[in-house]
Amino acid sequence: MIKTNNKEPNILVTGTPGVGKSLMCRMLSEKTGLVWLDVSKLAIEHECLEEYDEVYQCPILDEDKLLDVMENVMNEGGKIVDYHGADFFPERWFDIVFVLRTDNTILYDRLVERGYTGKKLEDNIDCEIFQTILEEAKASYRTEIVHELTSNTMDHVVDNVNRICQWIEQWKIDNQES
C-alpha cells in the first residue's frame, strides 16, 4: 500500500455505460461524505467537449482539458470519480479502482431503455463481453488496486457500497498520521 497525505481516499468507479456506476457513486457519496465527481457532467460544465461523433451520437471528450480541470480537485483527496473509461486518468490520483460488471442480457435491456441503438448499443455490449474496461483498468493501474464488482441487482449495489465503505474505513486506519 502506498501511503498518502490525503485525509480521505480517491476512488475511481468505472465500467461500461449502464452498469450502475452513477447509482452506486451517489449512494456511496451519501453514505461516506466523499465528493462524487460525475466526469460527464464536469466535461459539460467546463466545456471539455469537442466536435460531435455522429456514429455514437455524443460529443468527443477533450481529455487534456478535463485533466487540467480535475488536477487540483483530485489532489485534495476524498473524491469518487465516475466515468466509463479509465486509461487516461493519472495513476497517482487513485487509491483504489472499482470496475462494475453486469450480465450482458441485463445490460442490453438497460441500454435499450436509455435509447441506445445500432452500433452504439452493439459496441457497448461487446465492450462488456470482452471485459474492455476491466482490461483497460488493469493495464492502467497497479493490479492490486483494481477490483471487479458485480452490479446486476439493487442488492449487488447495496453490497458493493457496504464493501467499499469497509475498505474506506480500513484505508483511514492504514493512513493515519503516526
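Below, each value reflects all heavy atoms present in this structure, side chains not excepted, and no hydrogens, waters or symmetry copies. Treat the numbers as computed from the prediction; the structure is a model and nothing was measured. Just so you know, residue 1 is the first one in the sequence shown, and it goes up from there.
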Query raised in the report: Does a donor on one side chain sit under 3.5 Å from an acceptor on the other, for Asp82 and Ser22?
Result: yes
Query - Side-chain donor or acceptor of Lys65 paired with backbone N/O of Glu63 under 3.5 Å - result: no
Report summary line: Residue set satisfying side-chain contact (heavy atoms from CB on, under 4.5 Å) with Asn104, at least two apart, ordered chain then number -> Glu128, Ile129
Query raised in the report: Do Ser151 and Lys21 come close enough that some side-chain heavy atom pair is under 4.5 Å?
Result: no
Report task. Quick one: pull up CG in Leu100 and NE2 in His156 and give me the separation to the nearest 0.5 Å. Result -> 11.5 Å
Query raised in the report: Going by heavy atoms in the side chains, are Leu111 and Ile125 under 4.5 Å from each other?
Result: yes
Which pairs of donor and acceptor atoms, one on a side chain in residues 39-46, lie under 3.5 Å apart (sequence neighbours left out)?
none

Report task. Could you check if a side-chain atom of Val157 sits within less than 4.5 angstrom of a side-chain atom of Met27, using non-hydrogen atoms only? Result -> yes
**Report entry** From Leu61 atom CG to Asp53 atom CG, the distance as rounded to the nearest 0.5 Å
**Finding:** 12.5 Å
Report summary line: Rounded to the nearest 0.5 Å, the CG atom of Leu66 sits from the CD atom of Glu71 at a distance of 11.0 Å
Query - side chain to side chain donor-acceptor pair (under 3.5 Å) involving Glu50 - partner list, sequence neighbours excluded - result: none
Could you list the donor-acceptor pairs under 3.5 angstrom formed between side-chain atoms of residues 130-139 and any protein atom two or more places apart in sequence or on another chain?
unit_1: Thr132; atom_1: OG1; unit_2: Cys127; atom_2: O; d: 3.3
unit_1: Glu136; atom_1: OE2; unit_2: Ala86; atom_2: N; d: 2.5
unit_1: Glu136; atom_1: OE2; unit_2: Asp87; atom_2: N; d: 3.2

Requested in this report: Output all residues satisfying side-chain contact (heavy atoms from CB on, under 4.5 Å) with Arg163, sequence neighbours left out; order by chain, then residue number.
Outcome: Leu149
Requested in this report: Answer yes or no: is there a side-chain heavy-atom contact under 4.5 Å between Glu8 and Leu34?
Outcome: yes
Requested in this report: Decide yes or no on side chain to side chain contact (heavy atoms under 4.5 Å, CB included) for Ile11 and Ile168, but give the supporting numbers first.
Outcome: CA-CA 9 Å; Ile11 298 169; Ile168 291 168; 3.8 Å; yes
Query - Side-chain H-bond candidate by donor/acceptor type, Lys7 with Asn175, under 3.5 Å - result: no
Query raised in the report: If you measure from OG1 on Thr105 to CG on Asp103, what distance do you get to the nearest 0.5 Å?
Result: 3.5 Å
**Report entry** Check: Asn10 side chain, Lys79 main-chain N or O, donor-acceptor pair, under 3.5 Å
**Finding:** yes
Query raised in the report: Sub-3.5 Å donor-acceptor pair from the side chain of Arg110 to the main-chain atoms of Gly18, do we have one?
Result: yes
Query - Under the ring pair (Phe, Tyr, Trp, His ring centres under 6.0 Å) test, residues paired with Tyr83 that sit two or more places apart - result: Phe88
Query - Side-chain heavy atoms of Phe89 within contact of Leu12, under 4.5 Å - result: yes
Query raised in the report: Do the ring planes of Tyr141 and Phe94 sit parallel (below 30°), tilted (30 to 60°) or perpendicular (above 60°)?
Result: perpendicular
Query raised in the report: Can you tell me if CD on Glu144 sees more than 12 non-hydrogen neighbours from other groups inside 6.0 Å?
Result: yes
Query raised in the report: Under 4.5 Å between any side-chain heavy atoms of Leu37 and Val73, yes or no?
Result: yes
Requested in this report: Could you tell me the separation between the CG atom of Leu28 and the CG atom of Asn160, rounded to the nearest 0.5 Å?
Outcome: 10.0 Å
Report summary line: To the nearest 0.5 Å, atom OH of Tyr108 lies from atom CG of Asn124 at 12.5 Å
**Report entry** Heavy-atom neighbours of Glu91 CD exceed 12 at 6.0 Å
**Finding:** yes
